[in-house]
Amino acid sequence: MNEILKYLKYWYVFIITLAISVTLAYFYLRYTAPQYKVSSTLLIQDDKKGDGMLKGTAFSDLQMFQTTRTVDNEIEVLRSRDLVYNVLKSLSMETKYSIKHPFMTEELYGEDLPVKVVAHKLNRSAYTREITLKPIDDKTFLWQDSTKKIIYRYGQAINSPAYVVHVEKGPAFSHNKTKISIKFRSLKGLTEAYSLSKLSITPIIKDANTIILSLVDEIPQRGIDVLNKLIDEYNLQNVNNKSVIARNTIKFIDNRLKYLTADLAMVEQDVENYKRVNRVTNISADAQINLENSGGSNQQLADLGVQLNIVRSLENYLSQTDQSFGLVPSTLGLKDQTLVDLTTRYNDLQLERQQLLRSANPQNPLVLNVNDHLASLKTSMMENLRNIRRGLMLERNNLLSRSSFFESKVRNVPVIERGLLERTREQSVKQSLYHYLLQKREETELSLSATVPTSQVVDRPSYNSVPTSPKTQLIYLCSVIMGLAIPAAFIFCKDLLNTKVQNSSEIEMIPGARILGELSHKGMKGSVVIQRGSRTTISELFRYIRSNLSFMNPNKQNQVLLVTSSTKGEGKTFFSINLGITLSLVDKKVVLLEFDLRKPDLLNSLKLKCEAGLSDYLTSDDVLLDDIILSSNISPNLSVIGCGSLPEDPSELLTTHRVHLLFETLRKSFDYIIIDTPPVGMVADAFSLGLHSDASIYLVRYNFTNKYQLKILHDIYENKSLRNPLVVFNDAKSENKYTYGYGKYAYS
């Protein structure tokens with residue numbers, strides 16, 4: 001609570017700083033250009049299988065040109081400096097336009113541009129030039145930079161060592177002659193800023209194919225244009241890459257087809273020559289025909305063999321003498337008609353002879369004539385058989401030669417087939433490759449004419465109507481916090497650097513410390529502030545101290561009260577006088593002892609003088625106690641004993657037996673004895689007198705007593721150097737009024 005009250009007493013400072021900070025926040029919000037967040041959602045076709053950019057194009061089935069495309073890779077592509085540079089270049093972001101107002105600068109863009117500066121060449125020195133443009137009329141304008149001030153016409157080239165530009169009329173061109181500030185910016189530096197910080201690209205969730213592109217810009221339309229152009233450039237780059245691959249693929253296929261056509265022609269010519277040399281068209285069909293011809297030849301040979309056997313049998317039969325007049329066997333196996341006719345005539349004559357012999361003898365001319373005819377026919381038959389045999393033998397030889405030819409053909413079929421198979425295999429491979437390349441060329445031509453982007457825009461770029469910065473509520477909240485924090489920090493630092501005692505909590509940290517009361521600064525006019533019937537604040541505070549004296553040690557009367565402090569000026573004499581007056585007002589006899597034997601001030605404060613005092617009493621047995629007791633002239637019950645002459649050895653004087661005698665005598669005559677002593681932080685007189693006291697009152701003055709001097713009070717409590725020590729706070733001003741109190745009670 002004390003900590004809070006310490007700050008509350010400066011409430012007016014908090015109000016002033018709070019008002020200033022809120023006012024500054026208002027003007028900051030009033031003249032600071034708001035920043036808007038522009039965002040877009042893009043769906044990336046993720047391809048973790050590695051089909052990459054060749055997917056759906058020629059040779060994608062070969063899986064040999066895989067270029068894996070993932071969302072992470074595409075994010076880096078979107079953030080690449082080359083891509084961002086092309087976007088900024090196409091939007092002419094190297095030129096910044098603005099209009100200066102009294103307390104702010106308004107930047108112009110897009111449809112709000114009255115003029116447009118087209119930069120053809122910019123040197124490094126152009127980025128430091130301060131250029132202004134002021135329209136004069138519909139045709140001319142004033143161009144001014146640090147080196148020249150010239151009137152130009154719209155569209156006229158402006159040549160300078162730093163730049164080469166020309167000015168065109170913008171969408172918002174009017175007769176308004178407001179001066180426009182122009183600033184050239186480095187596209188490389190701007191690209192770096194966008195790539196590293198301004199442009200944010202993140203996936204919606206981890207491992208998702210959907211990403212969010214966002215940036216913050218004080219002109220929302222510019223941010224929308226940047227994102228739109230970035231997406232278009234990204235898709236165009238993908239399409240161009242695919243087109244390049246397709247065109248290179250077509251070129252490769254055309255080159256391969258040219259060489260493959262020549263190779264295929266050579267292979268086909270080789271197959272043609274091989275077939276011509278080996279006289280084959282279709283090996284299987286030719287082999288079947290040769291096999292059939294060989295079989296037919298063998299069958300004919302068998303038939304010829306039967307006929308030859310018949311011919312030989314007939315020749316043998318006719319050559320036998322005993323068979324001259326026998327019938328000739330049938331010649332059904334022979335197909336010679338002459339032989340058949342001869343045989344038939346021969347057999348008919350034999351039958352005719354046999355019939356003649358039945359009626360005539362063998363020498364009969366008719367029989368002999370028949371015999372001659374039979375001999376002649378037999379000779380003709382033998383000649384005919386020889387002719388037939390020669391013909392059959394010739395035919396047989398021809399068939400044997402033909403059969404050997406066909407058998408040779410059949411035996412050579414595997415060899416020819418193997419040779420042809422080798423040539424047709426090579427022809428088939430080259431022909432298949434030729435057809436494959438033709439097919440892929442058509443597929444590539446088709447893919448080239450139907451190339452589509454690899455990304456899809458889910459949400460077109462748009463901006464939030466609420467500015468991202470400055471955040472009004474946050475700015476005002478920060479201003480309020482700063483308005484409260486600055487004075488609080490100042491008070492804290494002031495209190496931290498202050499070495500003086502400020503409040504009672506610093507005393508309460510001392511183990512065993514007890515606070516008797518506190519005295520305010522108000523009403524402290526002169527040495528005597530207590531009067532009978534007085535209702536002032538200081539009077540009431542002394543009355544509280546008087547009451548607390550009886551409560552602090554209820555089992556024993558605090559008759560002898562020793563008043564001391566850490567250093568001079570903390571109000572010991574003032575407290576002693578007014579405490580004595582307060583105690584005397586309740587009909588108590590009180591005596592004040594001026595025991596500061598070095599710099600006494602008690603009698604001077606009461607405007608009293610004495611010839612003899614405590615030092616005289618302690619050094620001389622001739623001085624009586626009654627001789628040094630003086631009336632205070634303030635209250636009849638208040639007496640004073642002054643210091644007397646200043647002794648040379650005050651410390652040794654306080655250890656004499658006369659000191660004990662002094663207090664023994666005074667205890668009998670007075671209800672309260674108040675001892676005004678020198679500071680314990682300077683001399684040890686108070687410790688010597690503490691042996692004769694019932695209670696010790698230790699004064700601590702606000703904003704006067706050093707904090708390090710509280711170590712003396714800590715030692716007093718720890719070592720019990722003084723009896724029943726009690727603490728009184730003195731000189732509390734209005735800013736310390738929260739400390740007036742005793743125990744659980746407070747007074748203000």
Side-chain angles (χ1 to χ4, degrees), residues 2 495-521 524 527 541-542 545 548-549 552 558 560-580 592-602 604-605 643 650-651 654 674-733 735-736 739-740 742:
N2 289 340
D495 183 66
L496 186 65
L497 297 175
N498 192 356
T499 60
K500 307 297 182 181
V501 176
Q502 296 294 315
N503 53 60
S504 59
S505 62
E506 299 175 26
I507 303 299
E508 293 171 351
M509 294 175 62
I510 300 176
R514 294 188 298 169
I515 299 176
L516 179 62
E518 300 184 16
L519 299 175
S520 71
H521 181 78
M524 289 187 179
S527 301
L541 292 174
F542 269 106
I545 292 174
N548 283 346
L549 279 173
M552 287 293 186
N558 294 324
V560 181
L561 302 174
L562 184 143
V563 180
T564 186
S565 68
S566 301
T567 185
K568 186 175 178 60
E570 293 177 308
K572 297 181 296 299
T573 301
F574 169 81
F575 178 79
S576 299
I577 293 172
N578 289 281
L579 179 61
L592 301 177
L593 304 182
E594 189 180 29
F595 254 112
D596 190 349
L597 303 180
R598 290 175 173 79
K599 292 182 179 181
D601 193 45
L602 182 63
N604 291 333
S605 299
C643 171
S651 298
L654 296 178
I674 300 175
I675 309 172
D676 182 19
T677 66
V680 295
M682 303 178 71
V683 294
D685 295 356
F687 295 119
S688 300
L689 296 171
L691 299 174
H692 307 286
S693 65
D694 298 323
S696 303
I697 300 175
Y698 197 97
L699 264 71
V700 176
R701 186 174 178 179
Y702 284 110
N703 293 323
F704 186 86
T705 304
N706 282 310
K707 293 180 181 180
Y708 72 87
Q709 292 176 332
L710 294 180
K711 294 181 180 180
I712 301 173
L713 182 60
H714 183 275
D715 293 338
I716 290 173
Y717 276 101
E718 185 177 7
N719 300 321
K720 298 181 180 180
S721 305
L722 296 176
R723 292 181 179 177
N724 192 20
L726 304 171
V727 179
V728 171
F729 284 99
N730 188 25
D731 198 26
K733 297 180 175 60
E735 60 268 21
N736 303 110
T739 60
Y740 303 171
Y742 315 96

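Predicted model only: the values in this text are computed from it and were never measured.
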Could you give the distance from [atom1] ([X]) to [atom2] ([Y]), rounded to the nearest 0.5 Å?
X      : Y      : atom1 : atom2 : value
Ser566 : Leu710 : OG    : CG    : 6.5 Å
Leu597 : Cys643 : CG    : SG    : 4.5 Å
Lys599 : Thr573 : NZ    : OG1   : 12.5 Å
Ile507 : Ile510 : CD1   : CD1   : 4.5 Å
Thr677 : Lys572 : OG1   : NZ    : 7.0 Å
Leu579 : Leu561 : CG    : CG    : 6.5 Å

Is the closest side-chain heavy-atom distance between [X] and [Y] below 4.5 Å?
X      : Y      : answer
Tyr698 : Pro725 : no
Leu519 : Phe542 : yes
Asn548 : Ile545 : no
Asp685 : Phe595 : no
Pro678 : Lys568 : no
Leu602 : Asp596 : no
Glu594 : Ser576 : no
Leu722 : Thr564 : yes

Query raised in the report: Just wondering, more than 12 heavy atoms not from Lys711 lying within 6.0 Å of its NZ?
Result: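 No - once you tally the heavy atoms of other residues, nucleotides and ligands closer than 6.0 Å, there are 12 at most.
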Requested in this report: Give a yes or no on this: more than 12 heavy atoms of other residues, nucleotides or ligands lie within 6.0 Å of atom NZ of Lys720.
Outcome: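 No, because the 6.0 Å sphere around NZ of Lys720 holds 12 heavy atoms or fewer from other groups.
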Report task. Look only at the side chain of Tyr717 and the backbone of Arg514, and say whether a donor-acceptor pair between them is shorter than 3.5 Å. Result ->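 The answer is yes, because a donor-acceptor pair under 3.5 Å joins these two groups.
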Query raised in the report: Does Arg723 use its side chain to pair, donor to acceptor, with the backbone of Ser696 at less than 3.5 Å?
Result: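 No, because the side chain of Arg723 does not come within donor-acceptor range (under 3.5 Å) of the backbone of Ser696.
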Nearest heavy-atom neighbours spanning [X] and [Y]:
X      : Y      : answer
Lys707 : Lys500 : CE-O, 3.0 Å
Asn558 : Leu549 : ND2-O, 3.0 Å
Ala686 : Leu562 : O-CD1, 3.4 Å

Requested in this report: Can you spot which of Asp731, Thr567, Asn730 makes a side chain to side chain donor-acceptor pair (under 3.5 Å) with Arg701?
Outcome: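 Output: one option passes, namely Asp731.
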Requested in this report: For the residue pair Ser565 and Glu570, confirm or rule out a side-chain donor-acceptor distance under 3.5 Å.
Outcome: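 Their side chains do contain a donor-acceptor pair, which is all the 3.5 Å distance test asks for.
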Query raised in the report: For residues Ser651 and Arg598, is any side-chain donor paired with an opposing acceptor at under 3.5 Å?
Result: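 Side-chain D/A pair, Ser651 to Arg598: present.
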Requested in this report: Show your reasoning for whether side-chain contact (heavy atoms from CB on, under 4.5 Å) applies to Asp676 and Leu592.
Outcome: CA-CA 7 Å; Asp676 182 19; Leu592 301 177; over 6 Å; no
Query - Full working for side-chain contact (heavy atoms from CB on, under 4.5 Å) between Leu593 and Leu689 - result: CA-CA 11 Å; Leu593 304 182; Leu689 296 171; over 6 Å; no
